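Shown next, in structure tokens, is the structure this report addresses.
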2 protein chains.
Amino acid sequence: MRSPDELVALFRENGRKVTPQRECIFHLLHNNRTHPTAESIHAEVVKRMPSVSLKTVYQTLHELEDMGEISGLDLGTGSVRFDPNQSVHHHLVCTNCHTVGDIYLEIDSLQLASKVLQGFEVGNAEVTFRGLCSDCKRLGNLI
Amino acid sequence: MRSPDELVALFRENGRKVTPQRECIFHLLHNNRTHPTAESIHAEVVKRMPSVSLKTVYQTLHELEDMGEISGLDLGTGSVRFDPNQSVHHHLVCTNCHTVGDIYLEIDSLQLASKVLQGFEVGNAEVTFRGLCSDCKRLGNLI
DNA sequence: CAGTTAGATAACAATTCCTGTAAGTTAAGC
DNA sequence: GCTTAACTTACAGGAATTGTTATCTAACTG
Ligand SMILES: [Mn+2]
Ligand SMILES: [Mn+2]
Ligand SMILES: [Zn+2]
Ligand SMILES: [Zn+2]
């Protein structure tokens, strides 16, 4: 995702309006590696601007997604995780606490023989590893 | 997933009751490669037994899942897909029509160097390919 | 720099997918 | 056949997300 300043310029170029609500969301997403949900972003926004609605947060996140600035990830944790990290990477999902981590993989074997694809045209491949994050693993060992 | 007859025996062994509703669901799942939703199973069930509730379908599917006979897959299509195919495989998801296909992969490179895992303990890896199924690709070319 | 207006916001209702509750029904064991 | 735990159904409820609409405001206009 671009910097908040670049996003402000980009929004204006696209005929979108720049509001304080949106600028706040831009800042909260910048360099954010927590894979936040719309709810968690909203919780941070209202600390600064108490009247902002969850709908506004969803709308801004979806606009950023449509612009290719962030990705919405359905990782099976119950709600969509938003990811401003646009480099090619995959995810580690803790089945206990639902923390999401990044993992950078070179997966040559995902260059698939077309015969196994039966005419399916692959756009992208997502690899999701499920297991225990280091914190949950440590706690699990203590019990 | 086992055959309907084997499931009947297994349910009785486990102290679960075998009802006509459940037997109907067993038959609908047997050799089913469509990755049905609870709703789509329910739609088939009510053709045969009109009074069966969606709750009963969900309950039976979850029991089969708990018993390891089927898997519930969250592939980002909006509702859980149930899969009686218990062999190790991955999925092709059509971003247009939400059809789900199977793909069998040998992924040696998913034997990961522990350094990239940062202490994360991997239970399993799921690979999801998103793109266009052959039908949607053909239609797309016509437009 | 006030006026105009397309677009954004906030409040609230609605939707989708799924789960909880409670009252009636039935399979399985005796 | 009787008992009873398990199952089924109808219906309400919940979580995440989206639709509606009246109000508001950023950005343009003169
Ligand atoms: Mn990520
Ligand atoms: Mn499958
Ligand atoms: Zn964890
Ligand atoms: Zn398709």
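Quick note on labels: first sequence line is chain A, next is B, and so on, each numbered from 1. Values in this document were obtained by computation on a predicted structure and should not be read as measured data. When reading the values below, keep in mind they use all heavy atoms of this one structure, side chains included, and skip hydrogens, waters and symmetry mates.
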Review point. What pair of heavy atoms forms the shortest contact from B/Glu69 to B/Met1, and how long is it?
Key: O-CB, 3.2 Å
Review point. Got a donor-acceptor contact below 3.5 angstrom from the A/Glu23 side chain to the A/Pro4 backbone?
Key: no
Exercise for review: Please check if the side chain of A/Arg12 supplies one atom and the backbone of A/Val8 the other of a donor-acceptor pair under 3.5 Å.
Suggested key: no
Point to revise | A/Ser3 side chain to A/Asp5 side chain, donor-acceptor N/O pair below 3.5 angstrom | key: no
Practice item. Consider only side-chain heavy atoms of I, L, V, M, F, W and Y, link residues closer than 4.5 Å, and tell whether B/Leu92 and B/Leu132 are in one cluster. Key: no
Check your understanding: Axis-to-axis angle across the helix from C/dC1-D/dG30 to C/dC30-D/dG1, five pairs an end, to 10 degrees?
Key -> 30°
**Study point:** Neighbour count >12 (heavy atoms, 6.0 Å) for atom CZ, B/Arg2
**Key:** no
Review point. Donor-acceptor pair, B/Arg22 side chain versus B/Lys17 backbone, under 3.5 Å?
Key: yes
Check your understanding: Base, backbone or nothing for each nucleotide of nucleotides 6-19 of chain C, written B, S, -, heavy atoms under 4.0 angstrom, 5' to 3'?
Key -> BSSBBS-----SSB
Practice item. Please name all residues satisfying salt bridge (Lys or Arg N to Asp or Glu O under 4.0 Å) with B/Arg16, sequence neighbours left out, ordered by chain then number. Key: B/Glu63
Review point. Is it the case that one hydrophobic cluster holds both A/Val18 and A/Leu10, taking links as side-chain heavy atoms less than 4.5 Å apart, direct or via other members?
Key: yes
Practice item. Provide the start and end nucleotides, 5' to 3', of the part of DNA chain D that has atoms under 4.0 Å from heavy atoms of chain A. Key: D/dA16 to D/dA27
Point to revise | N/O donor-acceptor pair under 3.5 Å between A/His42 side chain and A/Val52 backbone | key: yes
Hey, what are the protein-to-nucleotides 1-3 of chain C N/O distances that come in under 3.5 Å?
none

Run the side-chain donor-acceptor check on residues 73-87 of chain B: report pairs under 3.5 Å with partners two or more places apart or on a different chain.
unit_1	atom_1	unit_2	atom_2	d
B/Asp74	OD1	B/Gly76	N	3.1
B/Thr77	OG1	B/Ser79	O	3.3
B/Arg81	NE	B/His35	O	2.7
B/Arg81	NH1	B/His98	O	3.0
B/Arg81	NH2	B/His35	O	3.3
B/Arg81	NH2	B/His98	O	3.4
B/Asp83	OD1	B/Asn85	N	2.9
B/Asp83	OD2	B/His35	NE2	3.1
B/Asp83	OD2	B/His89	NE2	3.1
B/Asp83	OD2	B/His91	NE2	3.1
B/Asn85	OD1	B/Ser87	N	3.1
B/Asn85	OD1	B/Ser87	OG	2.6
B/Asn85	ND2	B/Asp102	OD2	3.4
B/Asn85	ND2	B/Tyr104	OH	2.8
B/Gln86	OE1	B/Ser71	N	3.4
B/Gln86	OE1	B/Ser71	OG	2.9
B/Gln86	NE2	B/Gly68	O	3.4

Practice item. Check whether any side-chain N or O of A/Thr95 sits under 3.5 Å from a backbone N or O of A/Gly131 as a donor-acceptor pair, and report yes or no. Key: yes
